[in-house]
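Encoded as structure tokens, the structure appears first; notes follow it.
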Amino acid sequence: MFHKVLTNCFIHSINCSQRVHFLSKQRLLWSSNAGHNAVNTVISRCLSSTPSAVTSHTVVDTFRTNQSDPRLHSTQHLAMYYTIPADIATKLFVLGGFSGQQQRAFKTFRETTLMVRRPALEVMDYLRRAHYNRPVNRYVLYGPIGSGKTFTANHVLHYGFEEKFVLLYCPNPTDWVQYPEETSQSSYKGQRMDTPIDAAVWLQLFRTHNNHLLDELDLRASKQYVWSQREITEPGDPLKNILEHGISRIKHSSDCMAVILKEIKEQSVSGKYRVLVVVDKANAFYESSKIKYPDRSLVDIDNITIARAFKKLFTNDWTNGAVVATVDKKLVVPYRIHKVSRPFKAKAKSRASDNWGPFTVSHISDLPHDLLTNTGFKHFDPFIPIEVPIYDDKEMESCLNYYNDRKWIQRPIAKTVEGRNEIKFLSAFNPLETYEICCGL
Amino acid sequence: MANHVFNNLCLHKRLTLLSTNPCLKFFRLSSTQSQANDEKLAQELGSDKKDDEFRKLNLMPGKAQQRYDTKKYFGEIRSPRYKRMKTNQDWTNVWPNARVFHPSTVPLPIYMGWTVPDSSEVPAGKYHNPELLKIPNFLHLSPLAIQKHCQALKRFCTKWPAGLDTDEKCDKHFPLQIKTQEFAFSGTSIRWPDYRIVELSIKMCDLPLDPHASDKMKRLLRERYNQKTDTITITASKCPTRKQNYEYAVYLLTAVYFESLKVEEWEDEKTEEDWEKFYWDKSESKKTIVSYMKQIKPELKDEEILNDQRVKSFSESVSRLFDQKEDKSSLNEYKRNVLQILF
């Protein structure tokens with residue numbers, strides 16, 4: 001016997017006899033990147049005949065959890081939103097680990113919450129069980145566009161922060177490799193290109209992440225580094241000096257950053273600390289860059305100082321660390337097919353026939369070997385590929401409940417069971433699409 | 001219109017046809033008749049004697065004019081030929097060569113045409129049907145006709161070899177196939193340039209090649225080799241005559257074969273991008289795994305590492321990722337193997 005409660009937020013049961021409205025087939029065609037099979041399962045899920053029992057406790061219990069320490073997250077917290085304490089959130093994501101749209105959303109919701117999902121728990125489980133005296137393990141998160149890879153990586157970042165890992169976080173390699181603020185010829189090696197401002201910004205991020213750890217661990221430089229005639233770092237000087245030097249003297253910041261990364265990697269053998277490297281969109285390091293030399297020829301990634309230094313962390317010739325990387329299809333997808341939040345420069349000479357082509361992105365693979373390219377695969381092999389799938393039923397319900405709670409969904413029709421089914425159908429259970437659909441409601 | 005059809009029409013229709021059909025109107029205009037009319041008219045105009053009678057102006061020929069006797073101009077019409085055919089006749093005598101469809105000769109009730117769907121319309125019959133004329137008919141190739149042809153040709157032929165009764169046996173004994181085309185052209189010159197084209201095909205498995213040679217041959221042949229059917233197809237059309245093209249094709253095959261058996265010095269420089277399949281033994285993947293295992297246990301030897309079951313299955317999964325298109329199942333297998341090694 002079903003008892004339908006039709007108030008704002010307290011909707012649980014999905015009556016199997018509800019009809020799903022077909023609003024826009026076009027939207028469905030290019031919203032879902034999962035292909036035909038996923039669409040069929042989506043339809044079968046929406047119209048499933050399994051009744052869900054009405055529970056007596058309130059919605060707050062089913063989609064939120066008070067547990068804000070990721071170390072204590074387990075399968076009982078699946079599909080629940082947990083809040084990252086505000087001070088930690090500002091500390092971790094000061095450079096912006098999330099896209100601009102999402103950051104504005106967090107501002108609107110006045111809290112930084114992430115959903116606890118299976119891939120994150122899987123990664124955290126591996127991080128607990130790993131043998132840190134062995135060479136580093138690499139974990140590669142893959143999945144369709146908008147399935148929550150960045151969020152999973154940030155969840156793991158929070159976990160690493162709580163577990164007192166040394167965090168090396170690169171939220172946007174495209175900022176270094178494709179659209180740096182400023183480039184200059186390197187003074188260390190003529191062929192290399194420095195990106196001073198980006199390096200300085202990253203050093204500041206590194207400082208905010210790991211300040212207390214650096215004080216505790218008191219890492220020292222192992223070699224002499226000559227920055228200029230008057231500025232020399234002697235062996236035995238604390239790394240903090242190099243850090244401060246890089247932030248203050250922007251001219252040397254790229255080299256400082258490279259030195260810090262190198263030192264941390266080399267000294268990890270001691271076992272005093274563990275390093276967690278979190279990289280979003282790691283396949284940017286293996287695509288071509290957009291930086292040009294003065295003579296208009298393209299720069300290789302290996303010739304960009306900070307990118308080169310960061311890439312060296314991906315190989316498994318060091319210990320006491322872990323690398324969590326995401327591979328994203330967005331870098332390979334033409335802008336005209338999928339709305340991707342990055343600057344786009346229209347080419348004056350593009351003909352109409354060039355723009356007529358596939359209207360979905362399903363022909364481009366989102367699996368790691370294809371995205372990382374052969375060189376990338378050689379660096380990462382052997383790695384553990386972890387799939388970040390689209391929402392399942394429980395997660396979807398939880399997501400919609402959360403948006404209801406935050407008053408993100410305002411139209412009354414969107415709060416009914418029929419409305420919800422429509423949202424589920426249109427978004428094809430894709431997290432990003434759900435968010436974008438609910439933006440308009 | 002055929003005689004028999006005309007005669008079968010009713011009298012009324014015959015008369016209307018005769019009067020309205022422009023082709024049949026010829027008998028109306030006989031010169032003697034018009035002259036007689038003119039004379040009559042002149043007589044009538046000339047005599048003004050009788051004023052009491054009002055002269056009528058006869059524009060239309062009335063009953064005064066005699067109707068032309070509708071004789072049957074069409075003689076006795078024979079029934080169509082197909083009605084006079086016997087069932088045991090020799091069809092090859094009726095239709096010895098290819099000819100345009102002739103309805104009264106074909107003893108078949110054929111209908112061909114478009115009908116309005118779901119109506120009781122019947123398609124058009126064989127008479128006056130241009131569609132049947134347009135399509136090719138093979139009435140000259142009845143089994144009896146073919147039998148007669150074969151019988152006539154038999155004395156010029158030798159017997160089919162007894163051992164070649166199946167296709168497989170033919171392919172086994174005669175792996176080389178030559179395809180040429182013959183053309184018949186009616187014009188001022190009987191030459192047709194496409195006659196010179198010779199296509200030579202052979203299966204690669206029939207050639208004695210070692211792995212290096214077969215790989216080199218595939219690279220040399222490029223698009224002339226079909227991966228799915230494992231056949232080499234060499235088309236020669238450079239030379240003006242067929243004989244020259246045939247010899248050229250055979251020469252090409254020989255040259256490619258012997259060239260692929262040779263091993264040049266620069267072939268050692270083959271890099272990983274040029275590998276036709278993924279050789280795990282020469283790859284980076286093997287080096288990383290071996291170094292990884294050695295870091296865990298330095299005393300292990302290379303052979304022991306490579307003989308380890310986990311490493312073997314890992315190598316297979318990596319090869320599968322490279323050789324075949326990556327998909328979730330192969331990726332999951334790779335994940336399983338990696339987890340076995342790392343944890």
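Reminder, nothing fancy here: chain letters follow the sequence lines and each chain counts from 1.
- Of the two parts of B/Lys328, the backbone and the side chain both hold a non-hydrogen atom closer than 4.5 Å to a non-hydrogen atom of chain A.
- Within 6.0 Å of CZ in A/Arg128 there are more than 12 heavy atoms belonging to other residues, nucleotides or ligands.
- B/Glu265 CD: 12 or fewer foreign heavy atoms inside a 6.0 Å radius.
- Around atom NZ of B/Lys270, more than 12 heavy atoms belonging to other residues, nucleotides or ligands sit under 6.0 Å away.
- Residue A/Asp381 comes nearest to B/Thr288 through the heavy atom pair O-OG1, 3.8 Å, listed as atom of the first residue, atom of the second, then distance.
- Looking at A/Phe380, there are no atoms closer than 4.5 Å to chain B (heavy atoms on both sides), in backbone or side chain.
- Comment: A/Glu387 does not engage B/Lys335 in a salt bridge, judged by the lack of any side-chain N to carboxylate O separation of less than 4.0 angstrom.
- Side-chain atoms of A/Pro382 and B/Ile341, non-hydrogen and from C-beta on, never get closer than 4.5 Å to each other.
- Of the two parts of A/Tyr142, only the side chain, counted from C-beta on, holds a non-hydrogen atom closer than 4.5 Å to a non-hydrogen atom of chain B.
- The ring pair (Phe, Tyr, Trp, His ring centres under 6.0 Å) check on A/His379 picks up A/Tyr286, with sequence neighbours excluded.
- For NZ of B/Lys203, the number of neighbouring non-hydrogen atoms (other residues, nucleotides, ligands) closer than 6.0 Å is 12 at most.
- For A/His369 and B/Tyr334, the gap between ring centers reaches or exceeds 6.0 Å.
- Between the side chain of A/Arg134 and the backbone N or O of B/Leu342 there is at least one donor-acceptor pair closer than 3.5 Å.
- Interface residue B/Glu272: only side-chain heavy atoms are found under 4.5 Å from chain A.
- In this structure, B/Trp275 places its CH2 atom where more than 12 heavy-atom neighbours from other residues, nucleotides or ligands lie under 6.0 Å away.
- With a 4.5 angstrom heavy-atom cutoff, A/Phe383 touches chain B via backbone and side-chain atoms both.
- Per-residue counts of heavy-atom pairs under 4.5 Å with chain B were compared for A/Thr319, A/Asn374, A/Ile384; the largest is that of A/Ile384.
- A/His131 approaches B/Phe343 most closely through the heavy-atom pair NE2-C, 4.2 Å.
- For B/Phe183, the CZ atom sits in a packed shell: over 12 heavy atoms of surrounding residues, nucleotides or ligands are nearer than 6.0 Å.
- Ranked by non-hydrogen atom pairs under 4.5 Å with chain A, the options B/Asn337, B/Leu321, B/Asn332 are led by B/Leu321.
- The part of B/Leu339 that comes within reach of chain A is its side chain, from C-beta onward, which places non-hydrogen atoms under 4.5 angstrom from that chain.
- Within 6.0 Å of CD in B/Gln181 there are 12 or fewer heavy atoms belonging to other residues, nucleotides or ligands.
- For the residue pair B/Tyr292 and A/Asp317, no side-chain donor N or O sits within less than 3.5 Å of a side-chain acceptor on the partner.
- Heavy-atom pairs under 4.5 Å with chain B peak, among A/Leu367, A/Asn133, A/Ile386, at A/Leu367.
- The 12-atom threshold is not exceeded at OH of B/Tyr251, counting heavy atoms of other residues, nucleotides or ligands nearer than 6.0 Å.
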